[in-house]
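Scroll down for the structure; my scribbles are underneath it.
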Amino acid sequence: MNFEREIARLKTELNAVILAHYYQESEIQDIADIVGDSLALAQAAAKTKASTIVFCGVHFMAETAKILNPDKLVLLPDLAAGCSLSDRCPPGAFAAFKAKYPNAFVVSYVNSSAAVKAMSDVICTSSNAVKMVDRVPKDRPILFAPDQHLGRYVAKQTGREMILWPGSCIVHEIFSEKKLVQLMVEHPDAEVVAHPECEAAVLAHAHFIGSTKQLLERVVQSPKQKFIVVTEAGILHQMKKQAPGKTLIAAPPDNGCACNECPYMKLNTMEKLYLCMRDRQPALELPADLAAKALAPVKRMLEWSE
Ligand code: 13P
Ligand code: SF4
């Protein structure tokens with residue numbers, strides 16, 4: 001079957017927009033209407049006039065699109081596409097954690113469930129976390145969840161003390177500092193660009209730190225010709241397209257495997273994308289009261305990001 005042609009046909013039939021994250025496989029990125037980082041995709045979901053949103057990313061991203069569009073059909077090719085950060089921050093445990101700090105202002109990373117978002121004061125993504133934390137009233141302690149590494153990075157950038165939920169990303173936490181340093185020695189002319197979900201020891205070597213979109217822009221704009229890229233390998237597709245002459249070296253993880261791919265993101269395939277559009281499912285469903293509670297901190301993030 002020609003998936004590209006069938007997906008294009010179904011897109012018209014459904015009046016759909018296809019949003020894809022940079023970690024999706026390249027064929028999916030190439031067929032999407034918009035490819036972006038978590039913030040750009042949430043902004044696109046907030047603005048779209050399409051009646052159906054097909055979200056090629058992970059569950060929390062599609063759920064955020066649903067929070068912003070409770071009356072629209074939001075499809076995710078594989079509902080099992082979770083995220084270690086979101087999955088390891090269960091709402092009950094988070095509620096108990098939050099109860100210990102009754103005066104805290106809660107900043108939650110978008111990589112969290114709708115139930116955790118509903119208990120938060122503002123949401124952030126990796127591209128705007130510093131900006132969000134900077135806006136928190138100075139007299140309030142900050143509780144940051146669920147990524148401890150992003151939290152530590154933001155605390156350092158803003159000078160704000162933060163109470164951190166001890167979560168991490170299974171992809172970004174396994175980059176090896178030792179192997180990164182070896183690569184830097186082999187390629188002294190390379191610029192190191194890294195995602196803030198990496199551990200502090202890895203980030204300490206980075207020349208530039210940012211969200212996936214910011215890393216892509218940096219590679220395109222930097223005068224350097226060679227880059228060591230410390231994030232999920234899916235981003236290399238857009239980097240190669242937008243900076244064709246530049247040399248890109250994927251940083252190795254701390255295991256025998258040469259890969260650094262998010263197993264959740266890679267659950268989506270062209271076939272599942274076609275099937276979800278054909279069958280109008282799996283679709284994101286959220287209780288209306290939960291969606292309404294989670295909307296306030298998401299909207300606050302979008303307003304503070306302008
Ligand atoms: P970005 O917002 O930088 O795209 O990050 C999303 C993510 O899940 C990174 O692992
Ligand atoms: Fe979650 Fe990490 Fe995958 Fe991003 S790369 S979706 S943070 S598990």
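Counting starts at 1 for both ligands and their atoms, in listed order. All figures in this text were calculated on a predicted structure; none of them were measured in a lab.
When non-hydrogen atoms are compared, ligand 1 lies under 4.0 Å from neither the backbone nor the side chain of Val171.
At distances below 3.5 Å, at least one donor-acceptor pair connects side-chain atoms of Arg140 with backbone N or O atoms of Asn103.
For ligand 1, the polar-atom distance check finds no N/O of Asp37 at less than 3.5 Å from any of the ligand's N/O atoms. Distances between N or O atoms of Thr125 and those of ligand 1 include no value under 3.5 Å.
With 2.8 Å as the limit, Cys83 counts as an N, O or S neighbour of atom 1 (Fe) of ligand 2.
If you check the side chains of Arg152 and Gln148, you find a donor sitting under 3.5 Å from an acceptor. No side-chain donor-acceptor contact under 3.5 Å links Ser38 and Tyr109. His59 and Asp87 share no side-chain donor-acceptor pair at under 3.5 Å.
Distances below 4.0 Å separate heavy atoms of Tyr23 from the following atoms of ligand 2: 5 (S).
The protein heavy atom nearest to atom 3 (Fe) of ligand 2 is Cys262 SG, 2.4 Å. The nearest protein atom to atom 2 (Fe) of ligand 2, hydrogens excluded, is given as Cys169 SG, 2.3 Å; this is a heavy-atom distance.
By the 4.0 Å heavy-atom criterion, Glu197 is counted among the residues contacting ligand 2.
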